[in-house]
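In what follows, chains carry the letters A, B, and so on, assigned in the order in which the sequence lines appear, proteins first and then strands, with residues in each chain numbered from 1. Model, not experiment: these values are computed from the prediction.
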Amino acid sequence: DAKTTQPPSMDCAEGRAANLPCNHSTISGNEYVYWYRQIHSQGPQYIIHGLKNNETNEMASLIITEDRKSSTLILPHATLRDTAVYYCIVRVANYGQNFVFGPGTRLSVLP
Amino acid sequence: DGGITQSPKYLFRKEGQNVTLSCEQNLNHDAMYWYRQDPGQGLRLIYYSQIVNDFQKGDIAEGYSVSREKKESFPLTVTSAQKNPTAFYLCASSILGASYEQYFGPGTRLTVT
C-alpha cells in the first residue's frame, strides 16, 4: 500500500500557482518525500525530492511541514503543459531501492 | 544523450505466447526496475535489480521473468502464465541509495489478444 494520501484531482488556472498537497503521516525519519509527474502515455518524470528542508529547483518548490507528516508541491506559474498526474511518494528505504506509486493527483491546468 | 530506452513502444501478441520487452540504459546506474501500470492506476513493481546477475521480486512478479547479464540491460519476459498481461510497462534505473531519484523510460504498451 502507498504510504501517502493525495486528492484524486485538482484544477488550476493557467498562470496561477498550483499547490498540490500530500499527507504522509507515517513517514519515518530517514525516508525522503519524492514528487513525480506523468503525462498521458509517457514515463513518469522526476520533479523534486526532500528530507526535512524545503527545496526548490527550476520546476517546482517542495514545502515539508516541520513534523514531516505532510508536504505541498508548488508549481509557481502553471502552464497547460503541466497538466498531468502528480505522484507523491515516500521512499521505502528498507525495501530495496524502491518507490511505491499510489494513484496520484490528476492536475488539470485550465486556459 | 544519456537515458533509458524501451522498445518497442507498442507490442501486440496472441494469448499463450511469451514476449520479451527491452530496456537499456546508458546512465551507468547500478539499479534497474520494471513497473506495470493499468489504466487509471499507479505503478506496481514487478522486479528490480541492484547489481548484475542479481534481481529481486517486486509486488506482482508472478507470470514475469527477468535477467540482468549486463549492467545496462534489464529485459522483462511476460510469460503465458501471466493472466492479464495487457498493460503499460515502464522500466526505470537509479543510482543506489535512498536519496537518488529513479529515471524512467518512455514505456511499452503491450496488448495481448
Please report the shortest heavy-atom distance between [X] and [Y], naming the atom on each side.
X: A:Tyr87; Y: B:Leu43; answer: OH-CD1, 4.2 Å
X: A:Tyr46; Y: B:Gln102; answer: CB-O, 4.4 Å
X: A:Gln42; Y: B:Phe88; answer: O-CE2, 3.8 Å
X: A:Pro44; Y: B:Leu90; answer: CD-CD1, 3.8 Å
X: B:Arg109; Y: A:Ser41; answer: NH2-OG, 3.3 Å

ILVMFWY network linking [X] to [Y], side-chain heavy atoms under 4.5 angstrom:
X: B:Phe104; Y: B:Tyr48; answer: yes
X: B:Val52; Y: B:Phe55; answer: no
X: B:Tyr89; Y: B:Phe74; answer: yes
X: B:Ile60; Y: B:Trp34; answer: yes
X: B:Val66; Y: B:Val78; answer: yes

[X] versus chain A, the contacting section by heavy-atom distance below 4.5 Å:
X: B:Gln37; result: side chain
X: B:Arg44; result: neither
X: B:Gln56; result: neither

- Under 4.5 Å heavy-atom distance to chain B, tell me which part of A:Gln45 shows up: side chain, backbone, both or neither.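 It is neither, since no heavy atom gets under 4.5 Å.
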
Check whether more than 12 heavy atoms from other residues, nucleotides or ligands sit under 6.0 Å from atom [atom1] of [X], and answer yes or no.
X: B:Ile51; atom1: CD1; answer: no
X: A:Arg68; atom1: CZ; answer: yes
X: B:Gln17; atom1: CD; answer: yes

- Task: Evaluate ring-ring contact (aromatic ring centres under 6.0 Å, His included) for B:Tyr35 paired with A:Tyr36, printing each intermediate quantity in order.
- Result: CA-CA 15 Å; B:Tyr35 293 88; A:Tyr36 279 77; 9.4 Å; no

- Going from OH on A:Tyr32 to OH on B:Tyr100, what distance comes out if it is rounded to the nearest 0.5 angstrom? 8.5 Å

